[in-house]
Amino acid sequence: MKLFLYRQWRRFRHIENWLVAQLAFIVLALLLKLPPKRATDFADWASRKIGPLSPRHRIALDNLRHAFPEKSESEITEIALDMWGNMARLVAEYVFLDQIFDFDPDAEKPGLIEVEGVDLFKQVRETKRPHLFFTAHTGNFELLPLCAATFDLEVTAMFRPPNNPYIAKRVLEARRTRMGHLVPSKAGAVWTLVDVLERGGSVGMLVDQKFTKGETTQFFGRPVGTNPLLPKLARQFDATIHPARCIRLPGGRFKLVLEPEIELPRNQNGQIDITASCQMLNEIVEAWVREYPGQWMWFHKRWQR
(Lines give C-alpha, C1' and ligand atoms only; values in the text may rest on other atoms or scores of the structure.)
Protein backbone atom coordinates (compact mmCIF):
# COMPACT_ATOMS: atom_id res chain seq x y z
CA MET A 1 0.00 0.00 0.00
CA LYS A 2 2.79 2.40 0.93
CA LEU A 3 4.60 1.65 -2.32
CA PHE A 4 1.39 2.29 -4.29
CA LEU A 5 0.83 5.65 -2.53
CA TYR A 6 4.45 6.63 -3.13
CA ARG A 7 4.17 5.86 -6.84
CA GLN A 8 0.95 7.86 -7.06
CA TRP A 9 2.62 10.76 -5.31
CA ARG A 10 5.57 10.60 -7.68
CA ARG A 11 3.21 10.54 -10.66
CA PHE A 12 1.32 13.55 -9.31
CA ARG A 13 4.55 15.49 -8.74
CA HIS A 14 5.68 14.63 -12.26
CA ILE A 15 2.45 16.00 -13.75
CA GLU A 16 2.52 19.05 -11.48
CA ASN A 17 6.13 19.88 -12.43
CA TRP A 18 5.33 19.49 -16.11
CA LEU A 19 2.30 21.79 -15.91
CA VAL A 20 4.15 24.45 -13.92
CA ALA A 21 7.05 24.31 -16.36
CA GLN A 22 4.77 24.67 -19.39
CA LEU A 23 3.13 27.72 -17.84
CA ALA A 24 6.54 29.25 -17.14
CA PHE A 25 7.68 28.57 -20.72
CA ILE A 26 4.54 30.21 -22.12
CA VAL A 27 5.15 33.32 -20.03
CA LEU A 28 8.78 33.51 -21.15
CA ALA A 29 7.76 33.02 -24.78
CA LEU A 30 5.34 35.93 -24.48
CA LEU A 31 8.02 38.09 -22.89
CA LEU A 32 10.32 37.30 -25.82
CA LYS A 33 7.87 39.06 -28.12
CA LEU A 34 8.55 42.31 -26.28
CA PRO A 35 11.70 44.45 -26.28
CA PRO A 36 13.93 43.57 -23.30
CA LYS A 37 13.14 46.71 -21.29
CA ARG A 38 9.38 46.43 -21.76
CA ALA A 39 9.49 42.72 -20.91
CA THR A 40 11.45 43.21 -17.69
CA ASP A 41 9.36 46.24 -16.68
CA PHE A 42 6.19 44.19 -17.14
CA ALA A 43 7.63 41.27 -15.17
CA ASP A 44 8.55 43.67 -12.36
CA TRP A 45 5.05 45.17 -12.28
CA ALA A 46 3.27 41.80 -12.38
CA SER A 47 5.48 40.26 -9.68
CA ARG A 48 4.82 43.15 -7.28
CA LYS A 49 1.11 42.32 -7.62
CA ILE A 50 1.35 38.53 -7.49
CA GLY A 51 4.30 37.97 -5.14
CA PRO A 52 2.57 39.30 -1.98
CA LEU A 53 -0.21 36.73 -2.50
CA SER A 54 2.18 33.78 -2.15
CA PRO A 55 3.18 31.99 1.09
CA ARG A 56 6.78 32.99 0.35
CA HIS A 57 5.84 36.62 0.99
CA ARG A 58 5.19 35.85 4.66
CA ILE A 59 8.64 34.24 4.89
CA ALA A 60 10.21 37.34 3.32
CA LEU A 61 8.45 39.69 5.73
CA ASP A 62 9.47 37.60 8.72
CA ASN A 63 13.11 37.48 7.57
CA LEU A 64 13.12 41.23 6.98
CA ARG A 65 11.67 41.98 10.41
CA HIS A 66 14.44 39.95 12.03
CA ALA A 67 17.15 41.49 9.85
CA PHE A 68 15.98 45.10 10.24
CA PRO A 69 14.20 45.45 13.58
CA GLU A 70 14.72 49.21 13.41
CA LYS A 71 12.65 49.59 10.21
CA SER A 72 8.96 50.38 10.15
CA GLU A 73 6.37 47.99 8.73
CA SER A 74 5.94 50.18 5.66
CA GLU A 75 9.69 50.11 5.01
CA ILE A 76 9.73 46.31 5.39
CA THR A 77 6.86 46.00 2.91
CA GLU A 78 8.60 48.28 0.43
CA ILE A 79 11.78 46.19 0.54
CA ALA A 80 9.73 43.01 0.03
CA LEU A 81 8.03 44.50 -3.03
CA ASP A 82 11.39 45.59 -4.43
CA MET A 83 12.60 42.03 -3.92
CA TRP A 84 9.67 40.61 -5.92
CA GLY A 85 10.39 43.09 -8.70
CA ASN A 86 14.08 42.19 -8.74
CA MET A 87 13.39 38.44 -8.78
CA ALA A 88 10.91 38.81 -11.65
CA ARG A 89 13.39 40.90 -13.63
CA LEU A 90 16.05 38.25 -13.04
CA VAL A 91 13.82 35.52 -14.47
CA ALA A 92 12.76 37.64 -17.45
CA GLU A 93 16.36 38.62 -18.14
CA TYR A 94 17.34 34.96 -18.63
CA VAL A 95 15.99 35.12 -22.18
CA PHE A 96 17.72 38.43 -22.94
CA LEU A 97 21.16 37.90 -21.38
CA ASP A 98 23.08 38.30 -24.62
CA GLN A 99 21.15 41.45 -25.52
CA ILE A 100 21.45 42.99 -22.06
CA PHE A 101 25.17 42.37 -21.70
CA ASP A 102 26.62 45.10 -23.91
CA PHE A 103 29.81 45.90 -22.03
CA ASP A 104 32.73 46.85 -24.26
CA PRO A 105 35.98 47.80 -22.48
CA ASP A 106 36.96 49.95 -25.47
CA ALA A 107 33.64 51.75 -25.92
CA GLU A 108 33.64 55.51 -25.48
CA LYS A 109 30.00 55.65 -24.37
CA PRO A 110 28.75 53.36 -21.57
CA GLY A 111 25.85 51.02 -22.31
CA LEU A 112 23.61 49.07 -19.95
CA ILE A 113 26.59 47.55 -18.16
CA GLU A 114 29.30 49.34 -16.25
CA VAL A 115 32.20 47.50 -14.64
CA GLU A 116 34.18 48.42 -11.55
CA GLY A 117 37.43 46.51 -11.31
CA VAL A 118 38.53 46.32 -14.94
CA ASP A 119 42.21 46.31 -13.94
CA LEU A 120 41.52 43.52 -11.45
CA PHE A 121 39.95 41.34 -14.15
CA LYS A 122 43.05 41.83 -16.29
CA GLN A 123 45.34 41.15 -13.33
CA VAL A 124 43.55 37.91 -12.48
CA ARG A 125 43.75 36.80 -16.11
CA GLU A 126 47.51 37.29 -16.15
CA THR A 127 48.16 35.65 -12.77
CA LYS A 128 48.98 32.00 -13.33
CA ARG A 129 47.43 30.34 -10.28
CA PRO A 130 43.99 29.08 -9.23
CA HIS A 131 41.32 31.72 -8.57
CA LEU A 132 38.08 31.58 -6.60
CA PHE A 133 35.26 34.07 -7.04
CA PHE A 134 32.23 34.27 -4.81
CA THR A 135 28.99 36.20 -5.08
CA ALA A 136 25.43 36.22 -3.76
CA HIS A 137 21.88 36.33 -5.11
CA THR A 138 21.96 40.10 -5.59
CA GLY A 139 21.00 42.10 -8.67
CA ASN A 140 21.46 39.91 -11.73
CA PHE A 141 24.36 37.72 -10.61
CA GLU A 142 24.10 35.80 -13.91
CA LEU A 143 25.92 38.66 -15.65
CA LEU A 144 29.16 38.12 -13.75
CA PRO A 145 30.43 35.10 -15.77
CA LEU A 146 29.62 37.01 -18.96
CA CYS A 147 31.73 39.88 -17.70
CA ALA A 148 34.65 37.57 -16.92
CA ALA A 149 34.44 36.12 -20.44
CA THR A 150 34.81 39.64 -21.85
CA PHE A 151 38.31 39.65 -20.39
CA ASP A 152 39.08 36.14 -21.72
CA LEU A 153 38.71 34.77 -18.20
CA GLU A 154 36.85 31.46 -18.19
CA VAL A 155 35.09 30.76 -14.91
CA THR A 156 33.59 27.39 -14.05
CA ALA A 157 30.51 28.27 -12.01
CA MET A 158 28.70 25.94 -9.64
CA PHE A 159 24.97 26.56 -9.33
CA ARG A 160 21.94 24.98 -7.72
CA PRO A 161 19.38 24.07 -10.39
CA PRO A 162 15.66 24.65 -9.73
CA ASN A 163 13.77 21.80 -8.08
CA ASN A 164 11.49 21.48 -11.11
CA PRO A 165 13.48 19.24 -13.53
CA TYR A 166 11.82 20.68 -16.65
CA ILE A 167 12.61 24.25 -15.63
CA ALA A 168 16.10 23.21 -14.53
CA LYS A 169 16.85 21.84 -18.00
CA ARG A 170 15.63 25.02 -19.71
CA VAL A 171 17.54 27.26 -17.30
CA LEU A 172 20.76 25.37 -17.96
CA GLU A 173 20.24 25.76 -21.71
CA ALA A 174 19.59 29.48 -21.30
CA ARG A 175 22.74 29.92 -19.25
CA ARG A 176 24.91 28.27 -21.89
CA THR A 177 25.57 31.51 -23.70
CA ARG A 178 29.04 32.93 -23.13
CA MET A 179 29.05 32.02 -19.46
CA GLY A 180 31.82 29.44 -19.34
CA HIS A 181 31.30 26.01 -17.85
CA LEU A 182 28.38 25.35 -15.51
CA VAL A 183 28.39 22.67 -12.83
CA PRO A 184 25.08 21.74 -11.17
CA SER A 185 25.56 21.34 -7.41
CA LYS A 186 25.01 17.63 -7.00
CA ALA A 187 27.06 14.54 -6.19
CA GLY A 188 30.41 14.68 -7.98
CA ALA A 189 30.34 18.45 -8.60
CA VAL A 190 33.21 19.08 -6.21
CA TRP A 191 35.53 16.83 -8.20
CA THR A 192 34.86 18.90 -11.30
CA LEU A 193 35.88 22.05 -9.43
CA VAL A 194 38.96 20.31 -8.05
CA ASP A 195 40.01 19.37 -11.56
CA VAL A 196 39.62 22.98 -12.73
CA LEU A 197 41.70 24.35 -9.86
CA GLU A 198 44.39 21.70 -10.30
CA ARG A 199 44.81 23.03 -13.84
CA GLY A 200 45.15 26.58 -12.53
CA GLY A 201 41.65 27.58 -13.61
CA SER A 202 38.99 29.79 -12.07
CA VAL A 203 35.90 28.75 -10.12
CA GLY A 204 32.90 30.83 -9.09
CA MET A 205 30.16 30.05 -6.58
CA LEU A 206 27.27 31.52 -4.64
CA VAL A 207 27.85 31.53 -0.88
CA ASP A 208 24.50 32.72 0.49
CA GLN A 209 22.52 29.50 0.09
CA LYS A 210 21.05 27.34 2.84
CA PHE A 211 23.44 24.52 3.80
CA THR A 212 22.02 22.45 6.62
CA LYS A 213 25.21 20.52 7.42
CA GLY A 214 27.50 23.52 7.02
CA GLU A 215 29.57 25.51 9.47
CA THR A 216 27.56 27.21 12.22
CA THR A 217 27.88 30.95 11.64
CA GLN A 218 25.91 34.18 11.98
CA PHE A 219 24.06 36.10 9.28
CA PHE A 220 22.18 39.24 10.27
CA GLY A 221 22.68 38.20 13.89
CA ARG A 222 20.98 34.82 13.53
CA PRO A 223 22.60 31.35 13.32
CA VAL A 224 22.87 29.77 9.87
CA GLY A 225 24.65 26.86 8.25
CA THR A 226 27.25 28.01 5.71
CA ASN A 227 28.81 25.88 3.01
CA PRO A 228 32.54 25.45 3.80
CA LEU A 229 33.51 24.49 0.23
CA LEU A 230 35.11 27.78 -0.80
CA PRO A 231 37.54 28.10 2.15
CA LYS A 232 38.34 24.39 1.90
CA LEU A 233 39.24 24.76 -1.78
CA ALA A 234 41.22 27.93 -1.02
CA ARG A 235 43.19 26.07 1.65
CA GLN A 236 43.90 23.08 -0.58
CA PHE A 237 44.94 24.99 -3.71
CA ASP A 238 46.29 28.28 -2.31
CA ALA A 239 43.88 30.11 -4.60
CA THR A 240 43.26 33.84 -4.69
CA ILE A 241 39.77 34.84 -3.52
CA HIS A 242 37.79 37.72 -4.99
CA PRO A 243 34.32 38.92 -3.98
CA ALA A 244 32.16 39.90 -6.96
CA ARG A 245 28.63 41.29 -7.13
CA CYS A 246 26.03 42.83 -9.39
CA ILE A 247 24.13 46.00 -8.48
CA ARG A 248 20.91 46.76 -10.31
CA LEU A 249 20.78 50.44 -11.34
CA PRO A 250 17.80 52.58 -12.46
CA GLY A 251 16.79 52.47 -16.12
CA GLY A 252 17.55 48.78 -16.66
CA ARG A 253 21.28 49.26 -16.11
CA PHE A 254 23.78 47.25 -14.02
CA LYS A 255 27.03 47.76 -12.21
CA LEU A 256 29.31 44.73 -11.99
CA VAL A 257 31.93 44.94 -9.27
CA LEU A 258 35.05 42.80 -8.87
CA GLU A 259 36.58 43.55 -5.48
CA PRO A 260 40.26 43.22 -4.51
CA GLU A 261 41.60 39.88 -3.29
CA ILE A 262 40.77 39.05 0.31
CA GLU A 263 42.79 37.08 2.84
CA LEU A 264 40.84 34.49 4.81
CA PRO A 265 41.42 34.13 8.57
CA ARG A 266 43.99 31.56 9.65
CA ASN A 267 44.33 29.40 12.74
CA GLN A 268 47.33 29.01 15.07
CA ASN A 269 48.92 26.55 12.63
CA GLY A 270 48.78 29.08 9.81
CA GLN A 271 46.05 27.19 7.94
CA ILE A 272 42.85 28.80 6.72
CA ASP A 273 40.30 28.67 9.52
CA ILE A 274 37.19 27.19 7.88
CA THR A 275 34.55 28.40 10.35
CA ALA A 276 36.04 31.90 10.69
CA SER A 277 36.30 32.12 6.90
CA CYS A 278 32.64 31.16 6.46
CA GLN A 279 31.74 33.90 8.91
CA MET A 280 33.83 36.38 6.95
CA LEU A 281 32.01 35.47 3.73
CA ASN A 282 28.66 35.99 5.48
CA GLU A 283 29.74 39.42 6.73
CA ILE A 284 30.75 40.50 3.23
CA VAL A 285 27.43 39.35 1.79
CA GLU A 286 25.50 40.96 4.66
CA ALA A 287 27.17 44.30 3.92
CA TRP A 288 26.08 44.00 0.28
CA VAL A 289 22.52 43.14 1.26
CA ARG A 290 22.28 45.99 3.76
CA GLU A 291 23.34 48.42 1.03
CA TYR A 292 20.67 47.21 -1.44
CA PRO A 293 18.19 45.13 0.59
CA GLY A 294 15.57 44.99 -2.15
CA GLN A 295 17.99 43.18 -4.47
CA TRP A 296 18.38 40.04 -2.34
CA MET A 297 16.00 37.03 -2.18
CA TRP A 298 14.44 37.31 1.26
CA PHE A 299 11.83 34.64 0.59
CA HIS A 300 14.16 31.66 0.96
CA LYS A 301 14.61 29.88 4.28
CA ARG A 302 18.23 30.84 4.81
CA TRP A 303 17.99 30.72 8.60
CA GLN A 304 16.47 27.26 9.00
CA ARG A 305 19.01 24.56 9.87
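When a residue number appears, it is its place in the shown sequence, counting from 1.
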Checklist entry - Between E286 and R290, does at least one N-O distance fall below 4.0 Å, as a salt bridge requires? => result yes
Checklist entry - With a 4.5 Å heavy-atom cut-off, do I76 and L61 have their side chains touching? => result yes
Next on the checklist: With rounding to the nearest 0.5 angstrom, report the CG to CG distance, N86 to L81.
Outcome noted: 12.5 Å
Checklist entry - Quick one: are D208 and V289 in side-chain contact, heavy atoms under 4.5 Å? => result no
Next on the checklist: Centroid separation under 6.0 Å, is that true for the rings of W288 and F141?
Outcome noted: no
Next on the checklist: In the structure I gave you, are the side-chain heavy atoms of Y94 and E142 within less than 4.5 Å of one another anywhere?
Outcome noted: yes
Item to check | Spacing of N227 atom CG and L281 atom CG [to the nearest 0.5 Å] | outcome: 10.0 Å
Item to check | Heavy-atom side-chain contact between F103 and L143 under 4.5 Å | outcome: no
Next on the checklist: In the structure I gave you, are the side-chain heavy atoms of I274 and R235 within less than 4.5 Å of one another anywhere?
Outcome noted: yes
Item to check | Between CG on residue L206 and NE2 on residue H137, distance to nearest 0.5 Å | outcome: 4.5 Å
Checklist entry - Roughly how far apart are L230 CG and M205 CE, rounded to 0.5 Å? => result 5.0 Å
Next on the checklist: Pairing donors with acceptors under 3.5 angstrom, does anything connect the side chains of E215 and T226?
Outcome noted: no
Checklist entry - Are the side chains of M297 and L90 in touch, meaning some heavy atoms are under 4.5 Å apart? => result no
Next on the checklist: What I want to find out is whether D62 reaches R58 closely enough, with some N-O distance under 4.0 Å, to be called a salt bridge.
Outcome noted: no
Checklist entry - Can you tell me how far CG of L112 sits from CG of D102, rounded to the nearest 0.5 angstrom? => result 4.5 Å
Item to check | Pairwise distance CH2(W84) to CZ(F299) - rounded to 0.5 angstrom | outcome: 5.5 Å
Checklist entry - Looking at F101 versus F254, is the centre-to-centre ring distance below 6.0 Å? => result no
Next on the checklist: Would S202 and L153 count as a side chain to side chain contact (heavy atoms under 4.5 Å, CB included) here? Give the steps.
Outcome noted: CA-CA 8 Å; S202 300; L153 183 63; 3.8 Å; yes
